[in-house]
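To find a chain, count down the sequence lines: A is the first, B the second, and so on, and within it residues start at 1.
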Protein chains: 2
Amino acid sequence: MPEIQGAIRVLRAKGYKVTQPRKQVLKVLTQAQKPVSPYDVQKILQQRGEHLDHVTIYRILDLLCLLNLAHKVLLSGGFVKCALGDEEGCHRFMVCRQCGAFQEFADKSLCEEENELAWHLGFRTEQHFSEFFGLCAKCQG
Amino acid sequence: MPEIQGAIRVLRAKGYKVTQPRKQVLKVLTQAQKPVSPYDVQKILQQRGEHLDHVTIYRILDLLCLLNLAHKVLLSGGFVKCALGDEEGCHRFMVCRQCGAFQEFADKSLCEEENELAWHLGFRTEQHFSEFFGLCAKCQG
DNA sequence: CTACATAATGCAATATTGTTGCATTTACAA
DNA sequence: TTGTAAATGCAACAATATTGCATTATGTAG
């Protein structure tokens, strides 16, 4: 598990403890062929006879994301917020990680570029969703 | 409420009934300055002394999405799936709406283009997430 | 090696999100 | 005005997510 060793080094280097639950979650993520939800992690562990509280799993995943040892994927079926209107199936949002402000913007050429890229990979795109996380103008102190 | 009238026309044209609950939800979406979750819709209505079952709200929002009168937005805080690894803060997925297959792909120039666009709008991007929904090669029969 | 301080976990409780089946009501057309 | 098909409400439940606090375990200092 070389990947896990690397993650463990990062944990230690940043002053976080290397606990059994953290190692268990890292192992699940490393072995998983797909992105997994916190709930998936719990079920996979249960199948091995191991048990972790789901709260613990959430906290570990949050930490791993914070340390860039994991990342969040927003697949379909996710949190749903609806707004009225249709902008040609291309929805691009900027979300400020500081103040939570968000702003939608459209860029037609970018959409076409994306479509073309996917097309070359054999994929026919019907809807785009993009989110940029970062700092808005106000929060770039 | 010109927007609502338009939506109502679409409903009628497609043979869907124009019911009180549907008009209530459309009104909430139209007045909302932000994307709202189904739960948000319910709370907003409650504040006005109106009440709709949450199941009804889910069904209406699904219908509006189906008719392209609304769309789903995947903001941060959504359904979380984590995988180990860090690919420079740019995660682009193609998800097949038919078979659910997904595939991650990277494109550096696209990322830079996106960063630049956001930059011109005063936004400093740290992480990208993109999802393309459509049909994979296998499902384009 | 032991014991301490504190970080991390487990647990309890609760809130939010989402789905299904069926009884009842409502919209709209005849 | 009335019939009927569509839509809603209700009940039940499953899954997802967050908070506060008691308990446990890690890493360190002795």
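- The one candidate from B:L117, B:T125, B:L121 that meets the side chain to side chain contact (heavy atoms under 4.5 Å, CB included) condition with A:M94 is B:L121.
- With DNA chain D read from its 5' end, the first of the two nearest nucleotides for B:D53 and B:G15 is the one closest to B:G15.
- Atom-to-atom, CD of B:E50 to C1' of D:dT8 comes out at 15 Å; the value is rounded to the nearest Å.
- Among the heavy atoms of the strands lying under 4.0 Å from A:Y39 are primed sugar atoms or P, OP1, OP2 only; no base atom is included.
- A:T19 has no side-chain polar atom (N or O) that falls below the 4.0 Å cut-off from OP1 or OP2 of D:dT26.
- Linking ILVMFWY residues whenever their side-chain heavy atoms come closer than 4.5 Å, directly or via other members, places B:L66 and B:L69 in the same cluster.
- Each of A:I60 and A:V55 was assigned the nucleotide of DNA chain C with the nearest heavy atom; the assignment lying further toward the 5' end belongs to A:I60.
- Rounded to whole angstrom, the span from the CD atom of B:Q46 across to the P atom of C:dA15 amounts to 13 Å.
- The separation between B:H51 atom NE2 and D:dG9 atom P is 8 Å, rounded to whole Å.
- Backbone-only contact: A:R22 has heavy atoms under 4.0 Å from sugar-phosphate atoms and none from a base.
- If you check every strand for non-hydrogen atoms under 4.0 Å, A:V18 touches sugar and phosphate atoms only.
- In this structure, CG of B:L64 is placed 12 Å from P of D:dA7, rounded to the nearest angstrom.
- Going from atom CG of B:L52 over to atom P of C:dT25 covers 17 Å, rounded to whole Å.
- Contact annotation: the side chain of B:I44 never approaches that of B:Q31 to less than 4.5 Å [non-hydrogen atoms, C-beta and beyond].
- Under 4.0 angstrom from either OP1 or OP2 of D:dT18 there lies no side-chain N or O belonging to A:R59.
- Rounded to a whole Å, the NZ atom of B:K23 is 10 Å from the C1' atom of C:dA27.
- Under 4.0 angstrom from either OP1 or OP2 of C:dT17 there lies at least one side-chain N or O belonging to B:S37.
- Here the CD1-CG distance, from A:I57 to A:D62, works out to 12.0 Å after rounding to the nearest 0.5 Å.
- Rounded to whole Å, the distance from CG on B:D40 to P on C:dA15 is 16 Å.
- Distance B:Y16 OH to C:dA29 P: 16 Å, rounded to the nearest Å.
- For A:H54 against C:dT9, no side-chain N or O and base N or O form a donor-acceptor pair under 3.5 Å.
- Put simply, B:I4 and B:V18 are part of the same group of oily side chains (I, L, V, M, F, W, Y) that touch within less than 4.5 Å, one to the next.
- The 5' end of DNA chain C is approached more closely, in terms of each residue's nearest nucleotide, by A:Q20 than by the other of A:Q20 and B:Y58.
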